[in-house]
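Keep in mind that the numbers below use all heavy atoms, side chains included, and drop hydrogens, waters and symmetry copies. Order of listing sets the numbers, starting from 1, for every ligand and every atom in it. Numbering starts at 1 and runs along the sequence shown. Since this is a predicted model, take the numbers as computed values, not measurements.
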Amino acid sequence: MIAINQLHPLFAAEITGLDVSAPIPETVFSEIEAEFRRHSVLIFRDQPITDDHQVAFSERFGDLETTKVGTVGTGSKLIVLSNMDADGTVAPPSDRQVLNNRANRLWHADSSFKAVPAKASMLSARIIPAKGGDTQYISMRAVYAELPTRLKRAVEGKVVVHDYAYSRSKIDPNLVTDEERAAVPPVRQAMVIDHGSDLGRSLYLGAHAARVEGLPDDEGRALIDELMVFATQEHFVYAHKWRPHDLILWDNRAVIHRATPFESATEKRLMVRTTIAGDAPTLAAAA
Ligand code: OGA
Ligand code: MN
């Protein structure tokens, strides 16, 4: 029997009593899907899974994205977030992988820089540091619901340009290669996504959001900044302190997330992510 326990007043729930590496009957899986839709973030406890188990469970939710050029393991269904070298020793702070991990500390939605951005991501904790390295989430449905009328009007019908090169340049101007630039050109996303009459709307923003179409650059930037200041208020945040063998699934169209710092020069952290591809551009679900 699976048990569900909400972890934050607005969203995020933990699921216990389930082994995701074993076959899951369709009836149980539909229940999980319904809980996922409702809570946006699901934490599956006690899942000491292998890469193959993670891929298989992720694929129940849809086709997986493969890793883009310029990231470790290009073309694979797995993204490995690690601060270690191939031999397992901690890598220096200048390491490209470590810098890329730093970019995860900016609030973001995974793959929002793709024309059809990710539906969901699944992250499993393989090695966790003793201190720090939490992952934080914000319910962008809760944020939209609480937006003051003035901001609701300001976001209505807006299109935002999301740009990978823009977000990475905030970390280090030389982090993005020409090859990456060519592979992930800027894309247009709806600023507001409609999840249907039961769930309402969410704000779709994050680190890759560079410009607002139809507004001068500075005005668009100011609007994005104001919305992000509103969205990142503490009461919207669920901060996840990883326990060994936690597995988290989140809805990239309903939440944004970020990593928090840890002693990455001395402690090890190893996480493995799979990404469930979206099936339509956000503009198709624009409010
Ligand atoms: C990710 C991500 C955050 C973390 O895997 O997409 O942003 O805490 N991870 O590692
Ligand atoms: Mn991410």
In ligand 1, which numbered atoms sit nearer than 4.0 Å to a non-hydrogen atom of H257?
-> 1 (C), 2 (C), 6 (O), 7 (O)
Let me see the working for F44 and H245 under ring-ring contact (aromatic ring centres under 6.0 Å, His included), right down to the final yes or no.
-> CA-CA 9 Å; F44 301 91; H245 310 311; over 10 Å; no
Audit row: W107, H257, ring-ring contact (aromatic ring centres under 6.0 Å, His included) steps and yes/no = CA-CA 5 Å; W107 288 107; H257 63 282; 8.3 Å; no
Rounding to 0.5 Å, atoms CZ (R243) and CG (D46) come to a distance of 7.5 Å
Check the pair Y204 / Y144 against ring-ring contact (aromatic ring centres under 6.0 Å, His included), numbers first and verdict last.
-> CA-CA 9 Å; Y204 191 62; Y144 182 85; over 10 Å; no
Do I248 and V41 have side-chain heavy atoms sitting under 4.5 Å apart?
-> yes
Of the protein's non-hydrogen atoms, which lies at the shortest distance from atom 3 (C) of ligand 1, and what is that distance?
-> A259 CB, 3.7 Å
Could you list which atoms of ligand 1 come closer than 4.0 Å to a heavy atom of D110?
-> 6 (O)
Which residue and non-hydrogen atom of the protein lie closest to atom 9 (N) of ligand 1, and at what distance in Å?
-> L81 CD1, 3.7 Å
Can you pull out the closest protein heavy atom to atom 8 (O) of ligand 1? Residue, atom name and distance to 0.1 Å, please.
-> T135 OG1, 2.6 Å
Which N, O or S atom of D110 lies nearest to the Mn ion (ligand 2), by name = OD1
Least distance between heavy atoms, V161 atom then P186 atom = CG1-CB, 3.7 Å
How open is the angle at the Mn ion (ligand 2) from atom NE2 of H108 over to atom NE2 of H257, rounded to 10 degrees?
-> 90°
At what distance is the nearest protein heavy atom to atom 10 (O) of ligand 1, and which residue and atom is it?
-> R269 NH1, 2.8 Å
If you scan protein heavy atoms around atom 6 (O) of ligand 1, the nearest is R273 NH1, 2.6 Å
Considering only NZ, NE, NH1 and NH2 on the basic side and carboxylate oxygens on the acidic side, decide whether D251 and K119 come within less than 4.0 Å.
-> no
Close-contact set for ligand 1 against H108 heavy atoms, below 4.0 Å = 7 (O)
